[in-house]
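When a ligand or atom number is given, it counts from 1 through the structure's own listing order.
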Amino acid sequence: MEELVIKQDRQGRVLVACLDNPPVNALGAGLRRQLMAVVGDFRRDESASALVITATGRMFSAGADIREFAKPPTLPATSLPALIEAIEDCDKPVIAAINGDALGGGLELVLGCHHRVAVSSARLGLPEVKLGILPGAGGTQRLPRLVGVGAALEMIISGEPVTAGRALELGLVDRVVEGDQLLSEAVRLAEATTAVRRTRELPVLGTVADIDVVAKRLGRRIEGLHAPGACIEAMRIAISGTFDEGLTRERELFRGLVNGPQSRALRHAFFAERQAAKVDGLPGDVETRSIRRVGVIGAGTMGGGISMNFLSAGIPVTLVEAEREALERGVGIMRRNYEASAAKGRLTGQQVEQALSLLSPSLDFAALGDCDLVIEAVYESMDLKKEVFARLDRVAKPGAILASNTSYLDINKIAAITSRPSDVLGLHFFSPANVMKLVEVVRGRETSAEVLATAMGLARRIGKVGVVAGVCYGFIGNRMLRVRQEQSRQLLLEGVTPQRIDALHRRFGMPMGPFEMQDLAGVDVGWHRDPERIETLRDAICAAGRWGQKTGGGYYDYGDDRKPRPSPETERIIAEFRARSGCVDREVTDEEIIARTLYAMVNEGAHILEGGFAQRASDIDVVWLYGYGWPRHTGGPMFWATEVGYEAIVKLLERHASRLGSGFEIAGLLRQPAAAT
Ligand code: CAA
């Protein structure tokens, strides 16, 4: 028997239908069918005067069941548009009692009701665009009839929800109440009214000019994306056509997008992120440790950024540095970063002070003794890290988790210096650490299940996406990055310019190219610092004092506007090094650049998977989406590779194998037929 996902109740003459489909009340086929039956019964039941639709749990509904998009429809299916139409058609009032977030199809269902009451904590939004689609159950046609064209398009294209308070101002809901009064208020309204206010019968509020304002403002942010253009088209029809014409076009646009590559990729990214939170091989009943205070060693850029994550989440931080001046500088930068966020309106002055009040800067290493987790963020040197961990082992309390923010170094060796390797792991944050959402959680040979689970939970608590990585040089992200950077530099020696390679990567959708990224991060990071020792092109660039943006020039020259300009000086260094190393200019196609940078990265990702250093291909995607700004609408490198086709990738890698370095080898995994990630 089909599981019941609608609970029914009756209060006098008012029927109450309650969506009960945990965890998020997704509007899957079963729920649609059952709600349709409830609506049918209500229409026939002469003793029922009104219907209230509400839900159990913390959400009203997260919308359509995204998992169904990739599956063939089950027949006979009740479509969401048909269900919403049936609700709107009722000639007795239907009231939405919005008990929590109403998103996507969940909000579209609400729009089809005749009256709307929401709890003050609810958020209402149409996030479909983030999945590469547009609201496909009337949202593009009903929303502008309630809130106006400008506000509707803003909600639809940004995908961001509005609060219940804002929804009330916009006319999206009729009333906002406190949580415990929701049902009584909805029933009271149901008893008091016979009015049937059909959204589709209202006029569209606004003109094409309102569309242009929003489209112009979003400009570059929506460049290359299919869904926002479709949203605009649907909105134009809402203005110029009838409601039914609008619905038909919306449906066509929805079908086109949902079967397209961008939506496939964006849906993959959605589930990949959630999958990454799941750690293979952990016992189901694993306990986590409670983290009440965090210690951070090193008040440099990374240490400061890492600290801010915890402070912002309300977790006290002890920040330890060896020199007073460095400590004061670090704390000063944190304050300035917070104040910059406040100036942009992202935080209030009070929130800034609240966060900073949780910070305890200290010059005393022993101050780390009462921390439940200590993260080391000192200079990248194994000797130094070993020294720090040996000291930490002496002062940290029993049960404290000891983490290194190393980007490359062997966590097992660091752990072995302590008397408690099972408490040690890597927590690799990405720069700027207070902004980038990724944390690679590096599982050492002896890291305990409890420590790993605690770290993953903590990542979520501070708003990060944690991805488990194994111990290998550069873990997941930087190991792949290294391949791309090396190939990019090699291409310079073959006569390709930095600007050509960067432009190709930006066109692909990366926020910046390999050389712009180097210049931003510092060309000198990891450099041996001996200007006399010039073995690579990078050595030559560093030896000339061109360390990137911070010295006014690296691969590019920079003015006060920080915009990269082609550098004659760098050209000269490249030409000199090229002559010295016996490389010659050659014709290089764009296809070759893509193969040697992006396909080579995919190949490295496949080696990482084969070596067991990532749990699954989609985890690698998450690393690149959140750590390096890989374009989400392509799903991440490994998903993208399945779309391009392994065969095509292998073919080009084989063609350029001789230029891909002496250790280059095509991963066996790519030689297999492309499998689902
Ligand atoms: N369909 C299917 N499963 C969904 C879902 C949906 N719409 N929304 C969430 N889930 C699943 C998640 O995959 C996750 O499953 P697992 O536990 O198996 O990993 C579970 O529900 C809980 O989700 P989260 O971990 O994300 O929980 P959260 O509290 O952090 O976030 C949320 C909740 C804000 C609703 C978030 O899940 C979310 O943004 N969901 C997607 C919302 C969305 O995009 N809705 C539009 C759907 S498309 C649509 O409705 C088209 C249309 O017009 C007809």
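Of the listed residues (Arg274, Arg67, Gln275), the one carrying the non-hydrogen atom nearest atom 18 (O) of ligand 1 is Arg67. Residue nearest to atom 1 (N) of ligand 1, selected from Leu266, Val258, Ile66: Ile66 (by heavy-atom distance). The residue from Gly106, Pro127, Gly104 that puts a heavy atom closest to atom 43 (C) of ligand 1 is Pro127. Remark: among candidates Arg58, Glu273, Glu250, Met59, the nearest residue to atom 28 (P) of ligand 1 is Arg58, based on non-hydrogen atoms.
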Going through the checks in order, is the side-chain contact (heavy atoms from CB on, under 4.5 Å) test met by Ile315 and Arg293? CA-CA 6 Å; Ile315 304 171; Arg293 173 172 284 276; 5.8 Å; no

Residues Ile53, Ile87; criterion side-chain contact (heavy atoms from CB on, under 4.5 Å); working and verdict: CA-CA 10 Å; Ile53 302 178; Ile87 291 172; 3.9 Å; yes

Please lay out, stage by stage, how Asp101 and Arg123 fare under the test salt bridge (Lys or Arg N to Asp or Glu O under 4.0 Å). CA-CA 5 Å; Asp101 292 0; Arg123 294 173 312 159; 2.6 Å; yes

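Of all the heavy atoms of Leu27, none lies under 4.0 Å from any atom of ligand 1, so neither backbone nor side chain is involved.
The N/O atoms of Gly105, backbone and side chain alike, include one that comes under 3.5 Å of an N/O atom in ligand 1. For Ala64, a nitrogen or oxygen atom sits less than 3.5 Å from a nitrogen or oxygen atom of ligand 1, counting backbone and side chain alike. Looking at ligand 1, you won't find any N or O of Val24 less than 3.5 Å from one of its N or O atoms.
The contact set between ligand 1 and Gly136, taken as ligand atoms under 4.0 Å from a residue heavy atom, comprises 52 (C), 53 (O). Every atom of ligand 1 is numbered from 1 in the order shown, and the set under 4.0 Å from a heavy atom of Pro135 is 53 (O). Distances below 4.0 Å separate heavy atoms of Leu80 from the following atoms of ligand 1: 54 (C). For ligand 1, the atoms closer than 4.0 angstrom to any heavy atom of Pro23 are 20 (C), 21 (O). Close contacts between ligand 1 and Glu108 involve ligand atoms 52 (C), 53 (O), 54 (C) [criterion: under 4.0 Å to a heavy atom]. Those atoms of ligand 1 with a heavy atom of Arg460 less than 4.0 angstrom away are 25 (O), 30 (O). Of all the atoms in ligand 1, the ones that sit under 4.0 Å from a non-hydrogen atom of Lys278 are 16 (P), 18 (O), 19 (O). Per-residue contacts place Phe271 under 4.0 angstrom from the following atoms of ligand 1 (heavy atoms of the residue considered): 13 (O).
Closest to atom 45 (N) of ligand 1 among all protein heavy atoms lies Ala62 O, 2.7 Å. Of the protein's heavy atoms, Phe270 CE1, 4.0 Å lies nearest to atom 39 (O) of ligand 1. Among protein heavy atoms, the minimum distance from atom 2 (C) of ligand 1 is reached at Asp65 OD1, 3.2 Å. Here the protein heavy atom with the shortest distance to atom 34 (C) of ligand 1 is Leu103 CD1, 4.0 Å.
With hydrogens and angles left out, the side-chain atoms of Arg346 and Tyr338 include no donor and acceptor closer than 3.5 Å. Glu250 and Thr140 form a side-chain donor-acceptor contact under 3.5 Å, judged by distance and modelled atom types alone.
The aromatic rings of Tyr628 and Trp624 sit parallel, their planes meeting at an angle under 30°, below the 60° perpendicular limit.
A distance-only check finds no donor-acceptor pair linking the side chain of Glu185 to the backbone of Val177 [under 3.5 Å]. Counting only distance, with no hydrogens or angles, the side chain of Gln262 and the backbone of Ala227 share no donor-acceptor pair below 3.5 Å.
In this structure, Glu68 does not count as a contact residue of ligand 1, since none of its heavy atoms falls inside 4.0 Å of the ligand.
Contact check on Asp89 versus Arg200 returns a salt bridge, with a Lys/Arg side-chain nitrogen under 4.0 Å from an Asp/Glu carboxylate oxygen.
Within a 6.0 Å sphere centred on CD of Glu201, other residues, nucleotides and ligands contribute more than 12 heavy atoms.
Taking the ring axis of Phe270 as reference, the NZ or CZ atom of Lys130 does not stay both within 45° of it and closer than 6.0 Å to the ring centre.
Protein heavy atoms are found less than 4.0 angstrom from atom 26 (O) of ligand 1. For atom 32 (C) of ligand 1, the nearest protein heavy atom lies 4.0 Å or farther away.
Partner of Ser120 under the side chain to side chain contact (heavy atoms under 4.5 Å, CB included) criterion, chosen from Thr163, Val176, Leu182: Val176.
Between Phe639 and Trp630, the gap from one ring centroid to the other reaches at least 6.0 Å.
Atom CG in Leu35 sits 6.5 Å away from atom CG in Leu109 (nearest 0.5 Å).
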